[in-house]
Amino acid sequence: MGQKLEAMDYYENSIAKSQANGFLQEEALAYELAGKFYQSLGKELIHQTYITKAYYAYIRWGAIAKVKHLESKYVFLVGQTTTIENTSSKIDTTHITTNTTTNSSLSDFLDFNAFIKFSQAITNEIVLENLLGKLIQILLENTAAQKAVLLLLKDNHLYIEASGNAADDVVTVLRSIPVETYQDLPLSVINYVLRTQQYIVLNDAIVTEPFNFDIYIQKSQTKSIFCLPIMYQSQLTGIIYLENQLSSGAFVLERVEVLKVLVSQMAIAIENASLYTRFQEKSQELEQSIKDLQEAQLQLIQSEKMSSLGNLVAGVAHEINNPISFITGSIAQAKDIVKDLIDYLQLYREKFPNPGAEIKEKAEEIDIDFLLKDLPKMIDGMTVGTQRIRNISTSLRTFSRADTTSKVLANIHEGIDSTLMILQHRLKADHNRPAIKIIKHYADIPSVKCYLGQLNQVFMNILANAIDALEEANIGRDFLEIQEKYPNIITIETYLQVDNDKVVINIQDNAKGMPETVKECIFENLFTTKCVGKGTGLGLSISRQIIVENHGGNLICESVLGQGTQFIISIPILAE
């Protein structure tokens with residue numbers, strides 16, 4: 001458009017804003033385009049200045065292909081020479097500027113094969129420990145350093161994460177030593193780079209003020225030091241420290257520039273590896289959390305089982321207490337009767353064969369005919385009571401049997417009956433309702449390879465829930481109404497599936513049933529429709545786990561509002 005002055009201002013503005021905001025690629029491009037613009041105006045000196053600026057901006061960016069392109073296009077880039085200040089008493093922090101010259105092109109001091117090898121080594125490694133080891137190894141192999149240390153910034157503190165020594169070829173990684181406690185580094189140099197976020201080159205550290213007063217430098221008599229910051233997204237993330245104790249000026253300007261180009265790739269690689277490490281740590285924490293949850297779940301399963309048994313102890317104790325009381329009273333009464341019989345027989349023996357009036361009176365007093373008739377009945381009653389205690393005890397042992405580490409063949413019907421025996425106190429009639437009727441339709445099924453103790457826990461959970469549902473349905477109804485109109489019934493049915501490889505157990509109540517929204521959630525952990533203190537929300541969840549995961553079976557629920565709920569359990573007969 002011929003607006004040359006405006007174009008100059010725009011180029012300068014673009015360069016300035018790119019520099020101010022850290023857009024290195026935009027800065028390099030703006031320099032290059034400005035150089036071409038001034039070339040079109042015949043301003044050769046200005047043209048070369050801007051192209052040179054672009055050249056080194058591309059180097060800092062790491063755009064090596066672009067650097068080679070500029071070298072092939074602009075001969076003056078290859079022909080420049082450089083003057084480097086090597087004053088031993090001065091901090092050498094010289095940067096390449098427009099009046100800096102070089103006696104060789106970038107291709108002369110940068111081994112592109114080594115550069116590619118370096119790039120691949122750090123970009124292909126994602127494990128932080130391996131990456132840091134490779135970085136130290138590459139630095140020792142490709143620089144004049146005898147010692148290399150990599151520090152990373154964590155929580156605003158520097159930590160020694162990797163170090164190596166060319167003399168013994170030993171690389172140590174992930175030590176995480178706080179820099180202030182590390183004795184083998186010049187802290188004055190590290191702090192300078194940390195504070196200024198600029199690199200520093202000391203060609204002869206033992207005479208360069210103020211660093212020559214550093215205790216480490218005085219002790220080790222270190223000659224050359226190169227220390228540069230690791231920047232990621234304009235933020236300091238670490239520091240690389242290199243030293244050579246034998247040679248002065250070991251870190252020439254060309255090597256400094258190469259490392260400055262490569263350090264950006266180091267920063268990205270370290271950040272990626274750190275993210276991967278944190279991801280791995282989170283994964284391990286998650287795995288451990290899952291393991292802890294699984295262990296807690298197993299504990300909850302056992303706690304739920306013991307809680308169920310604990311809640312039943314009172315009922316079981318009541319069931320046992322009645323026959324025990326009967327036996328105790330009967331035995332005491334039997335002792336009195338036996339004593340009376342002994343007295344009677346003694347008198348009979350003394351007076352026989354003529355018992356006389358006294359024996360006759362004694363016989364009438366103790367009602368000998370009644371005693372002789374009642375004593376067998378009392379003994380029979382004690383026998384029945386004793387047998388009932390034995391049945392309850394057997395049922396309790398069957399229900400709470402300790403499962404082994406492997407499944408055993410067991411009678412499913414025995415497990416169901418033992419559970420019903422333990423629940424007998426809840427099935428009996430009370431002043432609020434008649435007895436809950438149990439209807440059993442047992443088919444001729446074979447023994448099932450299972451953990452019977454766990455299955456008994458499932459039967460207990462389902463039957464106890466059925467009783468709870470019936471009692472809830474009875475609310476608002478009187479005894480007679482329940483007896484005549486709404487009898488409480490639990491039906492238990494067993495049968496073989498058509499293919500005869502699974503046993504099916506149906507447990508059904510005739511309570512109110514449940515809505516679809518509740519039915520969808522009943523097997524979820526901690527879900528319960530009971531009030532606080534009445535249920536944990538774990539019973540059916542644990543039951544499903546026992547049937548599905550431990551036995552390879554299935555547990556489903558079918559429910560119709562107003563008609564009741566049915567749980568259908570299917571278990572492989574010989575499941576492993």
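Taking the side chain to side chain donor-acceptor pair (under 3.5 Å) definition, one finds that N510 meets it with nothing, sequence neighbours left out. In this structure K17 satisfies the side chain to side chain donor-acceptor pair (under 3.5 Å) test with no other residue, sequence neighbours excluded. Residues satisfying the salt bridge (charged side-chain N to carboxylate O under 4.0 Å, His left out) criterion with R433, sequence neighbours excluded, are E471. Taking H157 as the reference, nothing meets the side chain to side chain donor-acceptor pair (under 3.5 Å) condition, with sequence neighbours excluded. A search for side chain to side chain contact (heavy atoms under 4.5 Å, CB included) contacts involving H441 returns I439, T491, E493, not counting sequence neighbours. The side chain to side chain contact (heavy atoms under 4.5 Å, CB included) check on E287 picks up nothing, with sequence neighbours excluded. For Y486, the ring pair (Phe, Tyr, Trp, His ring centres under 6.0 Å) criterion is met by no residue, not counting sequence neighbours. K440 pairs by the salt bridge (charged side-chain N to carboxylate O under 4.0 Å, His left out) definition with D417, not counting sequence neighbours. Annotation: side chain to side chain donor-acceptor pair (under 3.5 Å) contacts of D509 (sequence neighbours excluded): none. S234 pairs by the side chain to side chain contact (heavy atoms under 4.5 Å, CB included) definition with nothing, not counting sequence neighbours. Residues satisfying the salt bridge (charged side-chain N to carboxylate O under 4.0 Å, His left out) test with E516, not counting sequence neighbours, are K519. Looking at residues two or more places apart in sequence or on another chain, you find a side chain to side chain contact (heavy atoms under 4.5 Å, CB included) between D478 and L480, E481.
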